[in-house]
Amino acid sequence: MRNDSQLVYNAPARVFHWLTAGLLLVQFVLAWSMPEVHRDTKPVGLIAWHLGVGVVILLLVLVRLTWRVAHPAPPEPATSPRVMRTLAGLTHIALYALLIVLPLMGWANASSRDWPVALFARIPLPYLSSPGSRFGHALGDWHANLAWVLLALVVLHVCAAIYHHLVLRDGTLIRMLPTSRDSKSTS
Ligand code: HEM
Ligand code: HEM
């Protein structure tokens, strides 16, 4: 027999999830509060924070994915229709993909502007495109546009979590809550 704790994501998975969500919120606030970026803009103030938080999100998601590959998700509530489970899986894959591709595009755009990028403001990272590169420049537009796609997916994801909780009442949200009891035997 399976008990409730076996349906819950393990503690590191939950910490990674809420840390990513919190940092992403900060990152969008920074993106929309920072000055508009022009040819002669300097990467200081809120722009520097946007670059710094962005590479931390990238690192966090890479560590999170590594953890996730080694620790599969707990079994899903049997009440969820198969089509919903498939859609949820596809949304999660798209979220992970965007959380990697989007920061890489922003980083390549920063390189094309000859803006150095550092991890934790200490560890210098390599350039992803050469300064003045047209490709790196074009990625800036893609970066800003794809951020809207990410935001739309996050809204869909949050609506689905609320629907599971309030309408289906199948315990899906509980699986990811930081306060849930940890499971030693799954994921
Ligand atoms: C998941 C992480 C990230 C999100 C959600 C995000 C989001 C955004 C958004 C919404 C904008 C458009 C701001 C506006 O409307 O003016 C933007 C612009 C920008 N971001 Fe990010 N960003 C992320 C990561 C990064 C990283 C890692 C870097 C660089 C290391 C970066 C560098 C930039 C640059 C240079 C721009 C200006 C692009 C241009 O106008 O050509 N971003 N970002
Ligand atoms: C804001 C940015 C967010 C991102 C990027 C995000 C991303 C993800 C990802 C990638 C997963 C899949 C975990 C895995 O199996 O590896 C997941 C699961 C989950 N998330 Fe989020 N999430 C966010 C916010 C939220 C919020 C605000 C809620 C609640 C209202 C939430 C509720 C859940 C739940 C309940 C699961 C487990 C789903 C299941 O068991 O099928 N997420 N999230």
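Start at 1 and go down the list; that is how both ligands and their atoms are numbered.
- For the pair R113 and ligand 1, the shortest N or O to N or O distance falls below 3.5 Å.
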Worksheet item: Would L24 and L99 count as a side chain to side chain contact (heavy atoms under 4.5 Å, CB included) if you check the C-alpha gap in whole Å, the side-chain angles of each, and the deciding distance to 0.1 Å?
Response: CA-CA 9 Å; L24 204 57; L99 286 170; 3.8 Å; yes

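- Here the straight-line distance linking atom NE2 of H143 with atom CG of L102 works out to 5.0 Å at 0.5 Å rounding.
- Under 4.0 Å from ligand 1, the heavy atoms of M34 that appear belong solely to its side chain.
- Counting heavy atoms from C-beta on, the side chains of V154 and F28 never come closer than 4.5 Å.
- Interface atoms of ligand 1 facing V55, defined by a heavy-atom separation under 4.0 Å, are 27 (C).
- Note that the OG1 atom of T20 and the CZ atom of R64 stand 4.5 Å from one another [nearest 0.5 Å].
- Counting heavy atoms under 4.0 Å from ligand 1, residue W148 does not touch it at all.
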Can you list every pair where an N/O of ligand 2 is under 3.5 Å from an N/O on the protein?
from	atom 1	to	atom 2	distance (Å)
ligand 2	15 (O)	Y9	OH	2.8
ligand 2	15 (O)	R68	NE	3.0
ligand 2	15 (O)	R68	NH2	3.2
ligand 2	16 (O)	R68	NE	2.5
ligand 2	16 (O)	Y96	OH	2.6
ligand 2	20 (N)	H17	NE2	2.9
ligand 2	20 (N)	H157	NE2	2.8
ligand 2	22 (N)	H17	NE2	2.8
ligand 2	22 (N)	H157	NE2	2.9
ligand 2	40 (O)	R175	NE	2.4
ligand 2	40 (O)	R175	NH2	2.8
ligand 2	42 (N)	H17	NE2	2.8
ligand 2	42 (N)	H157	NE2	2.9
ligand 2	43 (N)	H17	NE2	2.9
ligand 2	43 (N)	H157	NE2	2.8

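- N10 places a side-chain heavy atom less than 4.5 Å from the side chain of W67.
- Residues V55 and L51 form no side-chain contact, since every pair of their non-hydrogen atoms from C-beta on lies 4.5 Å or further apart.
- Other residues, nucleotides and ligands contribute over 12 non-hydrogen atoms within 6.0 Å of the NE2 atom of H17.
- Contact check for F16 versus R68: no side-chain heavy atoms found under the 4.5 Å cut-off.
- The closest side-chain heavy-atom distance from L128 to M105 is not below 4.5 Å.
- If you number the atoms of ligand 1 from 1 as listed, the ones under 4.0 Å from a heavy atom of W107 come out as 28 (C), 29 (C), 30 (C).
- Every atom of ligand 1 is numbered from 1 in the order shown, and the set under 4.0 Å from a heavy atom of W115 is 35 (C).
- Around atom 21 (Fe) of ligand 1, the protein contributes the following N, O or S atoms at distances under 2.8 Å: H50 NE2, H143 NE2.
- In this structure the side chain of R14 reaches within 4.5 angstrom of the side chain of V8, judged on heavy atoms.
- Atoms CE and CG, from M176 and L173 in turn, are 10.0 Å apart once rounded to the nearest 0.5 Å.
- Between P126 and W107 the shortest side-chain heavy-atom distance falls below 4.5 Å.
- When heavy-atom distances to ligand 1 are checked against a 4.0 Å cut-off, H137 has no atom that comes that close, whether in backbone or side chain.
- For the pair P12 and V15, the minimum side-chain heavy-atom distance is 4.5 Å or more.
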